[in-house]
Structures are given as structure tokens and as C-alpha cells.
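For reference, the structure discussed in these notes is given below.
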Amino acid sequence: MSKFSELNDDIILSMSIGAVFSDFGGKINSLDFHRSADLLVTASDDDSVRFYDITSAKLVKTTYHKKHGADRICFTHHPSSVICSSLYDLEANGESLRYLSLYDNRCLRFFKGHKDRVVSLCMSPVNDSFMSGSLDHSVRMWDLRVNACQGILHLRGRPTVAYDQQGLVFAVAMEGGAIKLFDSRSYDKGPFDTFLVGGDTAEVCDIKFSNDGKSVLLSTTNNNVYILDAYNGEKKCGFNMDASANATTEATFTPDGQYVLSGSGDGHIHAWNISDEPNKVAALESHIGVPTCLKWAPRRLMFVAAAASLLTFWIPKDTP
């Protein structure tokens, strides 16, 4: 598989499915790439956590988590360790988050505190801190090395969280389309800036910073996609995706920040060149229904898309 090089419209147009994995026993809830290793992890409703080598397009390992389930997932800095949120018995045992070793299938630590489902989860790119946003209207800060919650923000609505690529700033989206920016080292002082997505009060279900830190990508529960200037909150552009019943779609930057791809209720993966004036480049037939999970690999010419219980790896057509 090709390492990431400069993208152009022709490469985006040529992206096609190179591998399909259809052995999931339930909906794929989330997925994540490791930042430096060529690895992908998925969490799904069949209580499985699956680990893939993306260079060979091979399933490396599957572990099952029948007691807690597998909902949100993200890699830690170690290539065989992940943080996974629970689906079951949250009120009874409070074990809403687990630090898992996929190498020997052990739970290294539980993180207790959330009283409802975790809907957003992200790892700091620079240290052992991570954040979780829950339907209990709180964002919690954690450290992999200790069980206790390191900090908490009480918010309105469904909170969604993301670190910037340097780990200096994190964003929290909340009710009414407000995006609040915090200094990671002094978040207890409150947000240093607040952005509003004018005219759209739908809840934000996903946030991503571009690698250069200049843009913020928002996906909303009504399938709108917005790109904001990360410094002043100005809306650079927005795209309205087709609605999808009982499903939200995900959008992703390419590693160079020049393109944005998004799933849509029409069953396509839409792509835009946003380097200058935003223009539509492609509408790729997903072949799997409505893509609800979508991420571009950090260091490769590939992205992955998941819909229901199907996972697909996409590569340029002429890639060996």
C-alpha cells in the first residue's frame, strides 16, 4: 500500500474498495487508526474489538467483551493498547471506560464516573491524558496511569470532544451549536474562546482538527458538515448531506488538510477539495449503505468506511 504523498483530484476520484470485512455480528460503532503504526481498531455491537494490519489488509486479532460491550474506541500511544467505552450496566457498576491490552486480552484499568453512555472519546497526541464526553452531560479528563478522574466539565446537551494535533488545545461541542476551546494545561479556568455555527442548532456528533491546526471539521446529528477556521471560528464552508434514519454520518480530513470526505444518507461518500474555493470532487458509491464511520489513515493513501456490520478499505485503483 502506498505511503501518503501529495493528493490531487484524480487520486480522490480513483479511490475504490480494496478489501471488505463482512464477518461482524453487529453494527460497527467506531474505529480508530494508530498515529504511527499501520494499525486499525474497531468496536462493534457484537461486543468485539478487532485489530487490523492495514498494509496487508488482514485481521490480526479479535477479542470479545460480553460483560461490558464495545462502543467508542481509540488507540493509546502503545500500538496494542486501546481505550474502550462500555455499553452495558453503566449505572450498576460505573465501569464506563476500560484500558485494554489487545496483546494479552487484559483489562489494565477501569475508569469510573460517567452515569450514561460515552458518545465521544479521544486520546491526547502528546501524553497519557484522554477525554470522554457522555450523555450524562459531562466531559471528563483522565490519565491512563491512574483510575481517578482528573477533571470534569458539566455541560448542556450531548458533548463532543477533540484535541488539536499538538495537544495544546481541546474543543468541546455542546447544545445549540456552541464550540468551546480550552487550554489543555489550564482548562479549569474555562474556555478561552467560543464559536457558534450560525443558523444550525443541531448537536455536533463529531469534531476533528486538521493536521496543520488551522481548521476544525464538524459533523452534526442532522448530517450537516462544517469547516471552521480554528483561530477565529469563521465558517469557511458547509455541506448538507442527505438525511439517514437513525444514523449519523462521519466526515474526515485527508492528512494534508486539502480534502474533506463525508458519508451521506444517499449511500455515497462525498469528497470536496477545500484548498481554495471549496468544490465537489467526487461522490463515490459506498456499496455498503450509509457510511456511519469514516476515517482517512494518517500515513497512507487509504481510508476506511463502515456501514452497519460491513467494513471497507479504500485505496486508489492502480495501487498494487
Using a distance-only test with no angle check, is there a side-chain donor-acceptor pair under 3.5 angstrom linking T76 and H78? no
Distance-only side-chain donor-acceptor flag, N223 / S244, under 3.5 Å: yes
Is there any side chain to side chain donor-acceptor pair (under 3.5 Å) pair reaching into residues 148-164, and which pairs are they, with sequence neighbours excluded?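 Found R156-E175.
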Counting C-beta onward and ignoring hydrogens, is there a side-chain heavy-atom pair between [X] and [Y] closer than 4.5 Å?
X    : Y    : value
V161 : F170 : no
L217 : I207 : no
P298 : P255 : no

Could you tell me how the ring of F130 sits relative to the ring of F111: parallel (under 30°), tilted (30 to 60°) or perpendicular (over 60°)?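 Perpendicular.
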Parallel, tilted or perpendicular: which one describes the rings of H270 and H268, with boundaries at 30° and 60°? tilted
State whether the side chain of [X] and the backbone N or O of [Y] hold a donor-acceptor pair below 3.5 Å, judged by distance alone.
X    : Y    : value
Y88  : A70  : no
S134 : D116 : yes
T312 : A305 : yes
W296 : R300 : yes
Q258 : D256 : yes
S219 : D206 : no
S30  : I73  : yes

Within the 6.0 Å centroid threshold, strictly below: W272 and Y259: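 They do not qualify: ring centres at least 6.0 Å apart.
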Check: F313 ring centre within less than 6.0 Å of F303 ring centre: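 Not close enough - the centres of the two rings lie 6.0 Å or further apart.
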At what distance, to the nearest 0.5 angstrom, does CZ of F75 lie from CG of L102?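 Separation between the atoms: 7.0 Å.
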Report the C-alpha separation of Y52 and F21 in whole Å, then their side-chain angles, then the decisive distance to 0.1 Å, and conclude whether the ring-ring contact (aromatic ring centres under 6.0 Å, His included) test is met. CA-CA 11 Å; Y52 297 85; F21 299 90; 4.8 Å; yes
Side chain to side chain contact (heavy atoms under 4.5 Å, CB included) evaluation trace for H137 with K115: CA-CA 9 Å; H137 311 301; K115 303 300 183 187; over 6 Å; no
Thinking salt bridges, do [X] and [Y] make one under a 4.0 Å N-O criterion?
X    : Y    : value
R299 : D38  : yes
R109 : E95  : no
D183 : K189 : no
D53  : K58  : no

Contact summary for I11 and N8, nearest pair of heavy atoms: N-OD1, 2.9 Å
Out of R98, R117, K27, which residue meets the salt bridge (Lys or Arg N to Asp or Glu O under 4.0 Å) rule with D71?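 Of all the options given, the one that passes is R117.
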